[in-house]
Amino acid sequence: MNIVFFMIIVSLFIAIIFFILFLKSVKSGQYDDLYTPSVRMLFEDEFVEKKEDNTKESKSINPNN
Amino acid sequence: MLDKNCFHCGAECESKTIVFDDKSFCCNGCKTVYEILNENDLSCYYDFEQSPGAIPEEMKSKYAYLDNEQIIKNLYDFIDDEVSIITFYIPHIHCSSCIWILENLDRLHKGIVSGIVNFPKKEIRITFNNSNISLRQVVELLSSIGYEPYLSLDDTSISKRKTDRTLIYKLGVAGFAFGNIMLLSFPEYFQPNEFWLERYKPIFRILIFIMIIPVVFYSANEYFISAYKGLKHRILNIDVPIALGISVLFLRSAVEIIFNLGQGYFDSLAGFVFFLLLGKIFQQQTYSFLSFERDYKSYFPIAVTKIEKDQTEANISIYDIKEGDRLLIRNEELIPVDGILINGNTQIDYSFVTGESLPVSKKPGDKLFAGGKQLSGAIEMEVLQTVSQSYLTQLWSNDVFAKKQQYTIKTLTDSISKRFTIIVLLIAFLAGVFWYFKDASMIANVVTAVLIVACPCALALSAPFALGNMLRIFGKQKFYLKNVTVIEDLSNIDKIIFDKTGTITTNKTNISYDGISLTDDEKRLVRNLLRESNHPLSKMLYEYLKKSEKTEVTNFKEIFGKGIQGEVGNIKIKIGSESFVKGSSSNTLQTEVFIKINDDIKGNYIFENAYRDGIALIFNKLDKDYKLGVLSGDNEGEKEYLETILPKTATLIFNQKPEDKLVYIKQQQENAKKVLMIGDGLNDAGALAQSNVGIVVSDNTNVFSPACDGIIDATKFTMLPKFIKLSKSTLKIVKASFILSFLYNIIGMLFAVTGNLTPIVAAILMPVSSISIVIFVTITTNYIAKRIIFV
């Protein structure tokens, strides 16, 4: 039954790693602005596409505000 | 393809359309922005939104003060020899194109390293190389593409707002411990006295014990601090029984584990702290685009231009202005201190201060008050008072603004917890006495058990969840409150005071005409003459009159503070004040403009602030339960009309200075009245701070509003009676949930006094009571909100 002892240590160890990652992400400000990254994500590709051909196919993104 | 609207800003191109690159622009500024963007391959900016841009402001030397290291040193987030980081608030940020262009700033200037936008806060954090670009150039670059940063005196205060994330860390620690402790406790609950468990029990308990320590000493530390402070001020706030419960739980469980007497209540303890912190987070609803703490500093500029004796100009910090200095105030700049106008005729817009939308005319020798915005051209003024001594700003030296948080019983929860604590201690004592005679070995067991179940978990959760949920419901209805205690205060008020201008009136102006009606042709003549004038009233009347063809005006003359005259064709027209047009004045209090065509005085246009729709209805509804009053900084011009819409019992007071308003509210409070003040401008700031609840009506929540407890969107103003009613109902729900949580306490108490409170009972009772309370208040608050708001 020593395996129980071993499993508990391993599981706690993994839990603590995730916990530290959570604290780090909070500290780095990841949760401070939940809106802008969702818009920013959509930009990069359009820019490249735009440079290649000059069509107006990109749709306007319309946030509520 | 030529549109009628400007390609950049979307405004209608009227007279002087500029065509460039097959696109039409309304002004040179917009064209320049397009050019800049086009040159740098950024023109797909326009694909994200139809006409996303703003018309860039004219600047020239507006930002010259940013070259002064002394003035700007506090603006930076970070600065060293190579790079600087600075955060700007840019009110114009409004769509996805804005994010895109601002994050591509590095393409416009190689000195800029990066820009990161926080859209909800309308902020951008810019990193730039000091050697390539100066702060002034950064600001001017932003302004030139229509994103002018808003820089105010407030930005220079050293303590910049830091986001406080401690509560999230604490919740994280408590949640982590709660989950793991629960898992490690389960084996002992479900398989007691099992052979294998006996072998592993010590290691389980040691792990649990290690994990509970940060929960008690880190996550829960605020409760101990607050309880200590409360006791020091002889107040039994809700944190006293909480802290007592936590320490008894911890000590008893620690003793049990150390002396191998049992498994302890650590899982209940961790869960308890976790739920409490969850409630705390839930009631912290913040609106990132609003601020409830603003004072005059958020409106005032950082620096002004001083004219030295030898006529040279220098930029000095607002705080360095001395009596007798000469200042240069440019177009659109704010007058920071009281003074005397030396040269330049001018229009001053005091809407920041009073809410009055019509500008005031000033001529040399007139006194200027701080807070006004200069509207036409540059002026020179001589300083009479320093910033802190000025008419408006000295309001902030009043005691109300220096008030520190006091330890008084304010909330319903605290007032109940006082009795609750005393009763619990009494029961614990009586149970102890009872068991002393029956079985003395049980005393410690029973007394600690009583204190454990008495831990007011459900009680402490009722208010945060009920009020927090209502705060969110209000927020969806565009009624933004600073925190949950405002809901409680709002339910207790018995007098409501309104400011007049800007609060019960809108910032739009109603124009009506009185006299011999003008023919369309005459209106055309008048409109053509008005086109020549820059006076705000002229502009307003020009917009008001219907569009018509243009005719050349000859012999145009503008006499400052009086009116305009000129000839259209061979018809002489005079427009202006009564004394200017008629030659005599009847001393009315209204704002009016007279029209004279050839030798006939035709009549006059009257400019009035329009009252908000349904204002009489609001007064009517509120009159049933509250005493009403109107405090106005204006003259009595509209007294008669106000009397017709206000109930007879209402008080009406005119000619109130900012300080007077504050004093009036104070007097009412001394008469045991709880006052709700509803205002809008900086001149209400004192009254808003003094009142029990101060609410600001805002036509545009993106615009600044003075410090207050709540902001209501002007479109929802008619909902105010419903909001107050809803606050009252919410408090009833809180009371009902108190009763429910007492029931749980009584059940727990029965287990405790009989000595049957085993860890498993506690582990079941605690989460069940907490979760059921949360569900109860959430459902009921949503239900009443639906019933009251959407009827």
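Chain letters run A, B, ... following the sequence lines, proteins first, then strands; residues in each count from 1. Being a predicted model, the structure only gives us computed values, none of them experimental.
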Drop me the distance from L12(A)'s CG to M211(B)'s CE, to the nearest 0.5 angstrom.
5.0 Å
P120(B) to Y35(A) - nearest heavy-atom pair and separation
CG-CB, 3.8 Å
Under 4.5 Å heavy-atom distance to chain A, tell me which part of L207(B) shows up: side chain, backbone, both or neither.
side chain
Could you walk me through whether I8(A) and L184(B) pass the side chain to side chain contact (heavy atoms under 4.5 Å, CB included) check?
CA-CA 9 Å; I8(A) 285 172; L184(B) 290 172; 4.2 Å; yes
Please say whether more than 12 non-hydrogen atoms of neighbouring residues, nucleotides or ligands are located less than 6.0 Å from CZ in R472(B).
yes
Side chain, backbone, both or neither of N118(B) within contact of chain A (heavy atoms, under 4.5 Å):
both
What closest approach, in Å, do V117(B) and R40(A) show between heavy atoms, and which atom pair accounts for it?
O-NH2, 3.1 Å
Atom CZ of residue position F13(A) - does it have more than 12 heavy atoms of other residues, nucleotides or ligands inside 6.0 Å?
no
Please name the pair of heavy atoms, one in T36(A) and one in F119(B), separated by the smallest distance, quoted to 0.1 Å.
OG1-N, 2.7 Å
Check whether I203(B) gets within reach of chain A through its side chain, its backbone, both or neither, counting any heavy atom under 4.5 Å.
side chain
